[in-house]
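For reference, the structure discussed in these notes is given below.
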Amino acid sequence: MNKKSNLTETARLLRIVTFVVVVAALYFGRSVFIPLALALLLSLLLAPVMTSLGRLRLPRVASILLIALCLSTLAFGFAWKLSVELTDLAGQLPGYKTILEEKIHVLSGLRNSNFSKVSETFGDLEKDLAKAGSESPEQGHTKKPPPGSSPDRPLAVEVVPQSNTIAYVENVLGSMGAAGLVVVFTIFVLMGQEDLRNRFIHLSSGGRLHVMTQALDEATRRIQRYLFLQSAVNAAYGLIVGVGLYLIGIPEAWLWGLLAAILRFMPYIGAPASAAIPILLSLAVFPGWGHAWGTMASFVALELIVANFVEPLLYGSQVGLSALAILVAAVFWTLIWGFPGLILSTPLTVSLVVMGRYIPSLSFLKILLGDESEISRGDLYYQRLLASDQGEAKLVLEQYLQTKSLDELYSEVLIPALSLVEQDRHRNELDDATLSFIMQSTRELIEELSDTSVINVAETPCLTDSSASCVVCIPARDEADELVGLLLTQCIERSGLSSHSVPIGPIGEMLSTTAELRPTVVCISALPPFAIEHTRALYQKLRAKFPDLNIIICLWHFAGDLDKTQRRLKLFDGHSVLLTLPDVLQYVREKVQRPSVGATSTALVQGSELIEDKKSLAASI
């Protein structure tokens, strides 16, 4: 046990060390990794264009050069036009001086508010206190010597830095170099796309070529769809911005719409940044506040609609990330790589989640970042009952019923939940009070959600004539088996057959009740893992007393070796072991026939003998 624990701790420590090393490598190698990641992202975006040019019989090299030339021309043309407009705007600012002074004067009038007066009062008080603390009463009227006249009064010296032109040029050249490196990487990635893919699969597959190929294909498909949808949304966003600004009267509205479409590739900060220049122009160009408020309102309304309705609808199934994961990923990649990391955050995180789907050692990434709920409805229902929250447990069932049927609710939620109850009970992890609460709450919820109530044995026997078919459900061991039998009974009754659930009790009493009901089929309801022996004992006694009955053993939510279990149960020919509620219902509907007269007579005679000799039967058991 200690050895296993030590191995677990070692593996956990190794994962932490690996994570730290990878993050450090990404941070210190960002000058190489950022251009490479941008190039890979750009190559995925350009892959459909390359495919279209290939269909036109254009050579790969010529296609790449044509794409690079077009993109470079567009980028330089946009940068030149933007710089010209910003230069013209700076030159026109003196002409807008009067309008800006009026708005500044209006804003400065707010300083006469009570808040400003209180702030000024506290400021004056702070200055008085600082002055009183720095001067003693005797020194208050003493004239201080000028600075530099004595060692006690040194002359203050301020170092004025030289012009930062060289640093500015270095920054510009560095940005241009990074952009050029992205272009070079993109060209080489597009030229050797297949070779790069094969090398990556061979390096990371570890012999599992099929799994890694599936992971790479899914990641590529998800990222390409995300980029395509994002490009379409941003293009529509820029078009709407441009048209809106044109209607408002903002100069060069088309340019600011194009800028908005480009900047919106940066999550969270792109939209506010694209709105800054149009809002400033509306303040400077137009008198009054109408145009400025209209510009701000249009940006806010458009962003709210796109971010809260359009993007979740389009991106939801393609990205596969939770909202919190997108935010955390944006912060993480921005801290490591700056603004390029903000642009790359979503595609990189999508790749990690996809890898977590196919690589077991990375499955925690899918759990932490994916949008799929890792806790099943059955687990959630059981967890709410463990917390003694019957109301929320009922809400889990009601929400599931909004899209699923009652049979599916029983099969996929309640039976797995009761299986978890059995496992925890046999591990002695449930006290009697908690177990009783869970069972009673489940019974009450079953009765509320069911369309039919439990049949009373004394009032409605299964067989009212010799031509009817009846199914009786007998629990193998405890109350959990009885509850699942109750679920099965309700499902069978909704199928149009007569059915009854026998309550848990001594085996003699349950067999007596079965004899009174005179069934055609008996279903033994058993929840593994510790019901096999009890199921075998009950099956043997049922087979001995009712040799003509069709007996079905229902091992709910069983995940073991079925063939081995069937050998342990020593089943008679024609008797079946079924594992799921749909299989049992299908078997009952298709295989259970109306009993023959001989079989019915035999069952009736045996039932009468069993009732008359009930005491001797119980003693023999």
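Note that the structure is predicted; figures quoted are calculated from it, not measured.
The minimum heavy-atom distance between P278 and W256, with the atom names listed, is CG-CB, 3.9 Å. In terms of heavy atoms, L227 sits closest to L45 at CB-CD1, 3.8 Å. Residues R30 and I336 share a closest heavy-atom pair of CD-O, 3.6 Å. Taking all atoms of both residues into account, the shortest heavy-atom contact from W289 to L283 is CZ3-CD2, 3.8 Å. Here the closest heavy-atom approach between residue V353 and residue L365 is recorded as CG2-O, 4.2 Å. Here the closest heavy-atom approach between residue G378 and residue A417 is recorded as O-CB, 3.6 Å.
Expressed to the nearest 0.5 Å, how far NZ of K404 lies from CZ of R377 amounts to 9.5 Å. For the atom pair L380 CG and L395 CG, the distance stands at 9.0 Å (nearest 0.5 Å). Once rounded to the nearest 0.5 Å, the distance linking CG of L385 with OG1 of T434 reads 10.5 Å. Note that the CG atom of L255 and the CD1 atom of I250 stand 12.5 Å from one another [nearest 0.5 Å]. We find the CG-CG distance between L344 and L38 to be 4.5 Å, quoted to the nearest 0.5 Å. Within the model, atoms CD1 of I187 and CG of L65 stand 6.5 Å from one another, a figure rounded to the nearest 0.5 Å.
E218 places none of its side-chain heavy atoms less than 4.5 Å from the side chain of M355. Side-chain contact check for I223 versus L41: some heavy-atom pair is nearer than 4.5 Å. Considering only heavy atoms from C-beta on, Y382 comes within 4.5 Å of D424 through its side chain.
A donor-acceptor contact closer than 3.5 angstrom links the side chains of T442 and Y381.
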For this session: Decide side chain to side chain contact (heavy atoms under 4.5 Å, CB included) for Q214 and D217; before the verdict, give the C-alpha distance in whole Å, the side-chain angles of both, and the deciding distance to 0.1 Å.
Result: CA-CA 5 Å; Q214 282 187 325; D217 290 342; 5.9 Å; no
For this session: Please assess I34 against V182 for the test side chain to side chain contact (heavy atoms under 4.5 Å, CB included), listing each intermediate value before the final yes or no.
Result: CA-CA 8 Å; I34 291 176; V182 171; over 6 Å; no
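Applying the 6.0 Å contact sphere to CZ of F228 captures no more than 12 heavy atoms from other residues, nucleotides or ligands. The environment of OH in Y246 is sparse: at most 12 heavy-atom neighbours from other residues, nucleotides or ligands sit within 6.0 Å. Other residues, nucleotides and ligands place more than 12 heavy atoms under 6.0 Å from the CZ atom of R427. For F78, the CZ atom is densely surrounded, since the number of other residues' heavy atoms within 6.0 Å is greater than 12.
For D389, the salt bridge (Lys or Arg N to Asp or Glu O under 4.0 Å) criterion is met by R384, not counting sequence neighbours.
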